[in-house]
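Below you'll find the structure, written out as structure tokens, and then a few comments.
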Amino acid sequence: MTVDPANTSLGRMLLEEISPVVMVLSTPLVEEDCLKNGLSFLQMLNPFSSFNNIDVPVRTASDQPYRLQKFKLRLYYASDVKQPNLEVGKKKLKEIVTEAGEKDLSELCSDAPQISNALVSSESGNPSSWFQCFNKQLVHMVSFSDHEAFDHPVACLLVASSKDEQPINRFVDLFNTNKLPSLLNDGAMDPKILKHYLLVHDNQDGPLDRATKLLAEMRSTFGSSDCQLLCINSSQNVQLKHQENPWAPYKSDASPSQHLGCFLNVDDISEIKDLMQDLSSKHIIPYMEQKIRVLNQQVSATRKGFRNQIKNLWWRKGKEDVVDSPTGSMYTFSSIESQIRVLGDCAFMLRDYELALSNYRLISTDYKLDKAWKRYAGVQEMIGLTYFLLDQSRKEAEYCLENAFNTYSKLGSSGQQNATRCGLWWIEMLKTRDQYKEAATVYFRVCGEDPLPSAVMLEQASYCYLLTKPSMLRKYGFHLVLAGDHYKKCDQIKHAIRTYRSAISVLKGTTWNHIKDHVHFHIGQWYASLEMYDVAVKHMLEVLACSHQSKTTQEFFLRDFLQIVQKTGKTFEVMKLQLPVINISSLKIIFEDNRTYASPSAASTRESLWRSLEEEMIPSFSTARTNWLELQSKLIPKKYRESNVCVAGEAVKVGIEFKNPLQIAISISGVSLICQLWQKTDEGTPDGNKSSEENDNDDNCEKLTTNIRDISSDDSLFILSEVDCSLGAGETITVQLTVTPRVEGTLQIVGVRWKLSGSVVGFHNFQSIYVKKNVVKGSRKAKLSPNDNLKFMVIKSIPRLHGSIQPLPEKVYAGTLQQLVLELRNQSEYPVKNLKMKVSHSRFLNIGNRENLTTQFPACLEKERDSGQSGALANSDMSHDVFLFPEDTLIQGKMPFLWPLWLRAAVPGYISLYISIYYEMGDISSVIRYRTLRLHYNLQVLPSLDVSFQISPSPLRLQQFLVRMDVVNRTSTESFQLHQLSSVGNQWEISLLQPPDSIFPLHSLKAGQGLSCFFMLKSCRKLSNSEDTISSISTPLASDVRLVPQGSGDSVYDITRSPLVDFHHCERLQQESSQQGDLNVIDFILISRMLKINADPGFCNAPHLISHHSCHCSVASAAPISWLVEGPGTLHHNFSSFCEVKLKMTIYNSSGATTFVRMKTFDSAGNVGRLTGVNAIQSATPGNQAGWHDVSLVNDIKVASNVPGTQLGKPLSLESVCPFIWSGPSSTNVQLEPKSSVEIPLQVCVFSPGTYDLSNYVLNWNLSPSNGRGNHEEGRQASGTCQGYPYYITLLQSA
């Protein structure tokens, strides 16, 4: 639907601003009569100078008349017909803005406007009505310009009073040239204008007789049609109150008590209306019609037509070299160019837009050629407006207005105000066409150096961006912020606050953190400057948690915030204070029902670990659950059956993280919980009715302060803890808060409060979040609501054990063995009984016997010289790792209960020890029948000694082995003294090959050092034949080797005593191998001590030992058999005949399976060398038997043995012919049962003296496949061949 341009906002603006001007000249008596009504003469006429339906026929240059409906006259005193003073205009602009800010003061205390409200306000018209007044004032600042004609007066209204002396002469004096405006005297305006004479009579001064005579004289002098009489103030004594006062819009400075037009009755108003109607329709409009026709004839005669156009161009061709000037050459009102401009403006004011457009286009070229740029821009401006009103060529209209705007702007300061007016008209035209984005761009271009008009333009631009489809919210908010900055520059604080507050709605939900901080911070500062501190603090709170800002900015924000709070003189209470940041997800509730905790670390351990540890101690879950529910249904009201349970007198702990997001330190004080407690009455229900209680819980968020109780008050229902702390830059701390109920009832944890820097109290409500707890409530069916997670049923006080382990170090070295003491206390008057205990790592922590409390460690482990092998074995009170305290154990009163524990740091690393103690209540009336005490300790075990063993069987002795022990000190500062090495069990005997002084010349092992030492290991089991079983020794043998000098006075420690034997049992289980149960394995225990006390506070300096356990060390060789050849080493013979030597070979089966062995001898060494099959085993011993040797001497000649594990070389031979032969059977087959031996007789014949190596034999063995073997035999080779050991015999020639 097409809208008439005249009915648009721009059309109405043009009707207001481009209309005929009437110059008014009045005498002082006229003004005096009008002031009785609180009005000037001009103000009295103004409301009636605008006509919406004047309905006057008009005929201008054409013969076709048209009717004029809307018309307006602009009335000005002659003194005001001049170009306005720029400074006065700016002052008026400031007054408009200031007045608008005062009117909007109430809105500054309300909530920030939302985008939807701003959009509705903008679509309804103008977002702020004062914008129209501001824009109108900007237009008025370029009134009466010399390059435009629509501000030239078309008529002059001369007014005299009937009280004036000689009114005729007064009329003549009024139009004296000396009193006329300068624009008329300087030739810029035509002084020959229509004159209309008006005689004003005040009815309060008397009858109309004199006025009537004067009117007759006026008509005879000036003409009857140009003179009129106006009677006013007809209300004689009574002041009238007009319900719709027509003068109010024109009298902005009138006070509310002032009654405008109080002496003007209805007849007076009708006369004024008739006067203005007649002046417009019978005088001004006909005068303008006549002037248009005359000017059109003159222009047609001089400028229109082909001849006149050529003439004009030829004449102006010589003016191309004129100097470029802003206004061009001086044009008087009589010049043809001025006449054409007057013609166009008059036609425009009488709505003959076609005639106006043709004249504007005609003169535009002339001004351009004359380089009269200001006049050219003015004509282009009018062409664009004419195109708009004709609703033709929209692009041409925009082009002309833009051309005019650019031309004005190029003129500098002289054209700036005209450019602003042109821009405003251009903007209104774009708005009419819904081109809001383009209109906003023009607003931005209109902004000049003056901050106040720029601020208003930027704000109006922001609303244009809001009205675009779709809305450009970012640009809307950005231009609001720019406008606010400009308002601040010109001290318009209220407007700056208003624009910034409007921008907040755009910034919500965005990541523009720096912009949001800028907006909120400056709003807070500006509110504080207005002494509106409450609202200032509200906005300053938004910038406290500005982690993205620099350290300097953060300090600045916090300092200003605290200064504003200090100025208020009171403490602010803020819900959800952002500093510090509360991590709600970290909120953890720790409370104790039947589960109690000795430390926070125990409480933070996951419940599943405790449940698995306590599973064997706690009575059957089904039984416990049945008893619990039966008792619960009797003692607990139905409403609280699903509540959490806590005990009166025992603290409920709340852990919550406070984070400082800033790069500067902050302090918080008085951190405490906010709680409610409903005390249980004698009837067993909490005080107060249930409905009110539920309502209270729902209103906790709004009434947090009413729930705060006095801290540590004796008569309070509960006790709250308070915490003061300081948070460093970026620091996060977990604050532990407690509430301790004193009476039975229902406890509700509502939230937390704290005070920031001693000025602002922050609150945070827990009711809307789900809380994590460290406990798991059985198999509860009903799911708790968030509120229920913070609600506790408080039961009466019951016994509670407090426990600790002393002296448990934080750091130990691996292998450290130390005695500890478990201390338990019960402060209740009721005892606890039936105690049980279980530890998570029996390898590290062992429960001792009561007798250990009276013994001294480590002296209690020393072996008595004359005693047999006896000692305390594993604790007999342990069943499935659960330790049962003696049945008569009761803990009550002030005396602590002590029980010994043993600590051994088995392996390096970080170890968590968990201990749970079960106990039952002595008071059977308690709701809770049993409780558990949970202890948790963290232990750091540092590396100490690396110990390894290598065992090699002896090739010369059956069941003898060489043991090599390698020890490396892995510490960086500590030195150790090796005390003793023990083999576990009584079937082995171990001894040193060298004295301790030669092994440890410094008697210690320094940091980073390592050593190797050798021991002889002998099996004490008696060998048996294949039909008998192996018999063990009948008497115990020594199994310990002292590694310290004999004179040191140190005793040997008994490894069969507790706790060494208990920890060794754990190590055997931990180091379980495939050879477990094999008789060919041995365990070693190396005991050492540290030489000095560690000064590190994490270490404990209590007496201790260091034990290293190596279990399941195998003594088995690669082959399942071992053998020994026995016979004489040296013989004398006369060699008259050969010498026959008898030998014996003992073969031992060390495997767990039946073995078939075939022994075969060779008379030639060459045959031996041919034994190179795949299954051939060169030696029955491993290849690491360094150090073993057996050399026989014959005539001081050394004969070295072959190194086992190497290929047998050429056999030693004294003659080319073999000097000896095997005279017994060349092959012997035997069957050996597991762990049995057999003897085979051998015989050799020697033919000459010498030393001979009797190693030219082999043993072929084969494991029986039919004999069942354990898993430890599965990896062994099923068959093989063993080369004989070198055995030397020396025969000497006898005399």
Side-chain angles (χ1 to χ4, degrees), residues 101-102 104-114 118 455 459 462 477-581 660-664 666-668 754-763:
E102 296 298 333
D104 295 339
L105 183 61
S106 60
E107 298 180 3
L108 298 182
C109 300
S110 61
D111 294 334
Q114 300 299 318
E459 185 177 0
S462 69
F478 177 71
H479 283 75
L480 283 174
V481 174
L482 287 179
D485 288 339
H486 284 74
Y487 280 129
K488 177 60 176 62
K489 291 178 181 178
C490 49
D491 296 328
Q492 297 292 334
I493 303 298
K494 297 182 179 68
H495 286 288
I497 293 175
R498 179 177 54 79
T499 53
Y500 266 50
R501 290 173 75 247
S502 299
I504 292 176
S505 59
V506 180
L507 302 176
K508 284 183 179 178
T510 66
T511 57
W512 306 339
N513 296 322
H514 288 80
I515 300 179
K516 286 191 283 189
D517 290 347
H518 171 86
V519 170
H520 282 291
F521 176 74
H522 283 85
I523 291 177
Q525 280 192 322
W526 296 336
Y527 270 121
S529 66
L530 299 177
E531 297 184 356
M532 301 173 66
Y533 297 115
D534 291 348
V535 191
V537 170
K538 178 181 177 182
H539 285 278
M540 293 296 288
L541 287 170
E542 298 293 330
V543 303
L544 289 185
C546 52
S547 57
H548 48 276
Q549 296 285 2
S550 65
K551 180 179 179 180
T552 304
T553 304
Q554 292 173 359
E555 291 176 342
F556 180 61
F557 283 175
L558 185 59
R559 182 176 62 253
D560 273 31
F561 169 73
L562 296 177
Q563 289 176 355
I564 292 175
V565 172
Q566 188 177 6
K567 290 178 181 178
T568 64
K570 62 179 181 180
T571 300
F572 277 87
E573 296 180 348
V574 181
M575 175 66 73
K576 293 186 178 180
L577 180 63
Q578 296 184 10
L579 195 64
V581 177
N660 178 12
L662 306 182
Q663 303 176 38
I664 58 176
I666 61 174
S667 63
I668 56 176
W754 69 95
K755 183 177 287 188
L756 174 64
S757 298
S759 302
V760 180
V761 177
F763 298 93

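When reading the values below, keep in mind they use all heavy atoms of this one structure, side chains included, and skip hydrogens, waters and symmetry mates. If you're wondering where the values come from, they're calculated on a predicted model, not measured in any experiment.
- The SG atom of C490 lies 11.0 Å from the CG atom of D485; values are rounded to the nearest 0.5 Å.
- To the nearest 0.5 Å, the span separating OH on Y500 from NE2 on H539 amounts to 13.0 Å.
- Considering all non-hydrogen atoms of both residues, A503 and G477 come closest at CB-O, 4.0 Å.
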Next on the checklist: Walk me through whether V519 and E542 qualify under side-chain contact (heavy atoms from CB on, under 4.5 Å).
Outcome noted: CA-CA 10 Å; V519 170; E542 298 293 330; over 6 Å; no
Next on the checklist: The test is side-chain contact (heavy atoms from CB on, under 4.5 Å); show your working for K755 and I668 and say whether it passes.
Outcome noted: CA-CA 6 Å; K755 183 177 287 188; I668 56 176; over 6 Å; no
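- The structure places CD1 of I515 at 9.0 Å from NE2 of H518, a figure rounded to the nearest 0.5 Å.
- Under the side chain to side chain contact (heavy atoms under 4.5 Å, CB included) criterion, S667 pairs with S757, sequence neighbours left out.
- The line from CD1 of I497 to CG of L530 is 4.5 Å long, rounded to the nearest 0.5 Å.
- Residues that satisfy the side chain to side chain contact (heavy atoms under 4.5 Å, CB included) test with H548, not counting sequence neighbours, are N513, H514, D517, C546.
- Closest heavy-atom contact between T499 and G484: OG1-CA, 3.1 Å.
- By the 4.5 Å heavy-atom criterion applied to side chains, M540 and V565 are not counted as neighbours.
- Interatomic distance, CG of L541 versus CE of M575, reported as 13.0 Å (0.5 Å rounding).
- Here Q663 pairs with nothing under the side chain to side chain donor-acceptor pair (under 3.5 Å) rule; sequence neighbours left out.
- Taking CZ of F561 as the reference point, atom CZ of F556 lies at 14.5 Å (rounded to 0.5 Å).
- When all heavy atoms of A528 and Y533 are compared, the pair lying nearest together is O-CE2, 3.7 Å.
- Side-chain contact between L579 and P661: present, with at least one pair of heavy atoms (C-beta onward) separated by less than 4.5 Å.
- Partners of Q563 by side chain to side chain contact (heavy atoms under 4.5 Å, CB included), not counting sequence neighbours, listed by chain and number: R559, D560.
- Residues that satisfy the side chain to side chain donor-acceptor pair (under 3.5 Å) test with T553, not counting sequence neighbours, are S550.
- Among residues two or more places apart in sequence or in another chain, the side chain to side chain donor-acceptor pair (under 3.5 Å) test is passed with Y487 by E459.
- I664 has its side chain within reach of K551: a pair of non-hydrogen atoms, C-beta onward, lies under 4.5 Å apart.
- Although no hydrogens or angles enter the test, the distance criterion places a donor-acceptor pair under 3.5 Å between the side chain of K516 and the main chain of T510.
- Inter-residue side-chain proximity for F557 and L662 is flagged as unmet; no heavy-atom pair is nearer than 4.5 Å.
- No side-chain heavy atom of Y527 sits under 4.5 Å from any side-chain heavy atom of D534.
- G524 approaches I564 most closely through the heavy-atom pair O-CD1, 4.0 Å.
- In the displayed structure, E555 atom CD is contacted under 6.0 Å by more than 12 heavy atoms of other residues, nucleotides or ligands.
- A 4.5 Å side-chain heavy-atom check between V537 and V760 finds every atom pair outside the cut-off.
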